[in-house]
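Okay, structure first, notes after.
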Amino acid sequence: MGMTITEKIMARNSGRDHVVPGQLVWTDVHTVMTMDYLGKTCFDKFRSLGKTEVFDKDKVICVSDHLVPPPNQKFATMLNEWREVVKQHDITNFYDLGRQGIAHQIMVEQGHVLPGTISIGTDSHANTYGAAGAVGNAIGVTDAAVAMATGKAWFRVPKSVKFNITGKWQPWVMAKDLSLHIMGMMHWNGHLLYKALEFTGPAIESLSMAGRMTLCNMTVDLGAKNGIVAPDKITERYLKGRTSDAWDMISSDDDAEYDQVYNIDISDLGPTIALPGKLDDTVPVEKLIGTKFNKAFVGTCTNGRLEDFAAMAKIMKGKQVHRDVNMILVPASQTVYLEALRAGHIETLIEAGAAVDTPSCAACAGIHTGVAGDGDVVLSAGNRNMTGRMGSKNAEIYLTSPSVVAASSIKGEITDPRTFDV
Amino acid sequence: MIKGKCWVADDYVMAYDIIIQEYWTSAIDPEENSKWVMAGVKEEFNKENAFKDKGYTFIVAAHNFAGGGKSIEHVITGLRGAGIEAVFATSFARLQFRNATNYGLPFVTCDDIDKGCETGDELEYNPESGIIKNITKGTSFQSVPAAPFVAEISEAGGLMNYVREKIAKGEPIE
């Protein structure tokens with residue numbers, strides 16, 4: 001019996017030839033990521049295991065993303081303690097304010113995720129790493145502390161579910177629309193609990209790394225263990241210059257066994273929106289045309305990448321954000337910010353009347369940079385829309401793609417970018 | 001054998017409602033986290049120590065307990081600090097199932113348990129056999145027994161103790 005790519009990765013990193021779903025294994029981890037507000041606890045717990053040196057100083061990746069730049073004294077003090085503990089452990093890869101980004105973006109963009117390996121992180125969207133052909137998994141601080149000490153983590157080998165994506169992407173339709181479409185189709189609240197979601201097919205083979213990251217990122221909200229795209233030419237091109245570690249083209253066997261297989265033809269897939277409150281309450285953009293909102297937000301580990309900024313700049317060039325809308329844009333990393341700046345996208349977007357803030361998780365975690373207040377209606381390209389997610393419990397969050405946010409921000413109401421005059 | 005009163009959820013119980021947003025950046029500490037545990041689940045629990053003061057030993061829930069994709073361990077330490085000794089549900093969200101395992105708090109999968117209990121019922125749980133008795137109603141349920149690895153972690157008093165011991169003895173983790 002053949003194995004799926006996730007099973008192969010679990011097998012090769014646990015020193016086995018073969019694994020089966022349900023099996024519990026301890027595997028090697030390629031990297032372990034932690035960030036500002038949980039990181040100190042990870043290091044404290046790590047030392048309580050009787051260790052003083054981490055398993056590999058190059059493989060423990062530390063990122064400041066949730067709390068930077070500190071909006072209040074509490075966070076400033078937490079950041080100081082965090083910096084102190086990272087310094088104390090002589091960590092090689094520390095992405096602090098100035099070199100920061102959202103941890104998941106940093107992990108992939110800086111080459112800390114390698115095809116065929118396992119990387120873990122203390123934040124739920126660590127599933128993003130699957131875009132680079134790795135098993136990316138979210139874990140708690142206990143697992144992080146153990147991995148820092150031993151270079152290992154325990155896993156129950158998941159059953160795999162295949163999403164075979166065919167057809168041609170319509171103009172302005174993005175990976176986010178497919179993510180939300182799958183969310184609506186499968187129901188986010190645990191229908192795919194514990195499963196490994198594998199995205200394959202012609203429409204995935206043509207998808208950029210940024211798109212693959214969006215797709216894998218949101219698999220956590222389907223209850224899945226991980227989302228993965230097998231490495232190919234696009235992965236190879238992306239990783240060139242980002243990592244000097246050796247890796248190989250790993251993929252699922254033809255006779256691998258899947259728990260379920262779904263075929264989705266995206267030729268008819270249009271821009272998709274999740275209504276406030278639940279991720280699986282999705283509708284095509286047509287149903288919401290004309291809906292008013294007062295805040296627009298694009299950023300996060302889901303949609304804060306260069307191609308997202310490029311799409312927005314193309315739509316918004318020479319136009320003005322509607323007077324009833326405040327638009328805030330937050331690049332996912334300093335690298336993205338600089339690239340968007342050099343490409344002229346930032347200039348275009350600022351000229352159009354958008355505010356651009358320094359890379360961080362921003363209002364997505366509801367703790368700073370453009371949080372929502374009472375009565376706000378937010379059109380967001382983030383990843384979660386539950387009550388209170390961006391701040392006030394009396395705010396509503398619609399989730400969609402950057403191209404919908406861009407076109408809608410000009411009009412001041414929800415707009416289909418396909419019919420927008422670019 | 002564990003014995004005590006249960007609280008039965010009447011809807012999905014999400015991790016971000018067990019520990020609400022303003023406490024995500026708190027220290028991970030059973031005493032501290034238990035003060036506001038379940039604050040977002042029900043209005044009656046949105047007061048300091050409100051859930052804890054009820055003195056429940058068990059939680060009974062339906063599908064995807066502690067879902068919504070938060071990896072924070074405050075969820076588990078909060079429940080622990082409030083005196084919860086086991087959670088019975090028809091299924092669990094994987095992130096918090098993992099955290100519960102690491103803390104040795106039994107997250108026990110049991111079909112139909114949500115339909116067979118009411119808040120305040122006296123239950124008795126046998127971790128070895130997996131049998132959950134509802135003493136108030138005189139009924140009993142067979143849960144899915146813990147996997148050997150999960151039981152081993154639980155016996156060691158959690159993953160930290162398990163690994164600490166292995167490191168101290170110089171034993172491999174495999």
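What you see is a predicted model, and the numbers here were worked out from it, not measured in a lab. Chain letters run A, B, ... following the sequence lines, proteins first, then strands; residues in each count from 1. Side-chain atoms are counted along with the backbone in the values below, which use heavy atoms only and exclude waters and symmetry mates.
For A:L24 against B:A147, the heavy-atom pair with the smallest separation is CD1-CB, 3.9 Å. Of all the heavy atoms in B:T25 and A:M78, the pair that sits closest is O-CE, 3.7 Å. Considering all non-hydrogen atoms of both residues, B:G69 and A:V220 come closest at CA-CG2, 4.4 Å. Minimum interatomic distance between A:I139 and B:L95 (heavy atoms only, all atoms of both residues): N-CD2, 4.2 Å. Here the shortest heavy-atom pairing between B:R98 and A:A153 reads NH2-CB, 4.3 Å.
Enclosure of atom CG in A:D374 by more than 12 non-hydrogen atoms of other residues, nucleotides or ligands within 6.0 angstrom is indicated. When the shell of 6.0 Å around CD of A:Q260 is examined, it contains more than 12 heavy atoms from other residues, nucleotides or ligands. Summarising the local packing, CD of A:Q73 is surrounded by 12 or fewer heavy atoms from other residues, nucleotides or ligands at distances under 6.0 Å. Open room surrounds NZ on B:K3; 12 or fewer heavy atoms of other groups in view lie less than 6.0 Å from it. Annotation: B:K166, atom NZ; neighbour count of heavy atoms from other residues, nucleotides and ligands within 6.0 Å is above 12.
For chain A, the nearby part of B:I28 is the side chain; its heavy atoms alone come within less than 4.5 Å. Using a 4.5 Å cut-off between heavy atoms, A:A149 contacts chain B through its side chain alone, with no backbone atom that close. Neither the backbone nor the side chain of A:S14 comes within contact range of chain B; no heavy atom of the residue lies under 4.5 Å from a heavy atom of that chain. Both the backbone and the side chain of A:R389 come within contact range of chain B, judged by heavy atoms closer than 4.5 Å. For A:K152, the part lying near chain B is the side chain, with the backbone staying farther off; criterion is any non-hydrogen pair under 4.5 Å. For A:D143, the parts sitting under 4.5 Å from any heavy atom of chain B are the backbone and the side chain alike. Of the atoms belonging to B:F92, heavy atoms from both backbone and side chain fall under 4.5 Å from chain A. Looking at A:K40, neither its backbone nor its side chain comes within 4.5 Å of chain B, counting heavy atoms on both sides. Contacts between A:K393 and chain B at a heavy-atom distance below 4.5 Å are absent for every atom of the residue. When heavy atoms are compared at a cutoff of 4.5 Å, A:T122 approaches chain B solely by way of its backbone atoms N, CA, C and O.
Taking the ring centre of B:Y16 as origin, the terminal cationic atom of A:R384 falls outside the region bounded by 6.0 Å and 45° from the ring axis.
Between chain A and the residues B:I167, B:N99, B:I76, the largest count of heavy-atom pairs under 4.5 Å involves B:I167. Comparing A:V141, A:V146, A:T41 by heavy-atom pairs within less than 4.5 Å of chain B, the highest count is held by A:V141.
In this structure, the side chains of B:R94 and A:N137 come closer than 4.5 Å at one or more pairs of heavy atoms. In this structure the side chain of A:W154 never reaches within 4.5 angstrom of the side chain of B:I153, judged on heavy atoms. Residues B:E73 and A:L38 have side chains not in contact (no heavy-atom distance under 4.5 Å, counting atoms from C-beta outward). Looking at heavy atoms from C-beta onward, B:R164 lies out of side-chain contact with A:K51 at the 4.5 angstrom threshold. Between B:M160 and A:S48, some side-chain heavy-atom pair lies under the 4.5 Å cut-off.
Evaluation of the side-chain contact (heavy atoms from CB on, under 4.5 Å) rule for B:E32 yields B:D29, B:K35 as partners, not counting sequence neighbours.
Atom OH of A:Y194 is separated from atom OG of B:S91 by 6.5 Å, given to the nearest 0.5 angstrom. One finds the OG1 atom of A:T142 at 7.0 Å from the CG atom of B:L159 (value rounded to the nearest 0.5 Å).
The aromatic rings of B:F149 and A:W26 sit perpendicular to each other, their planes meeting at more than 60°, with 30° as the lower class boundary.
We find that B:E174 and A:R16 are not joined by a salt bridge, their nearest charged nitrogen and carboxylate oxygen being 4.0 Å or further apart.
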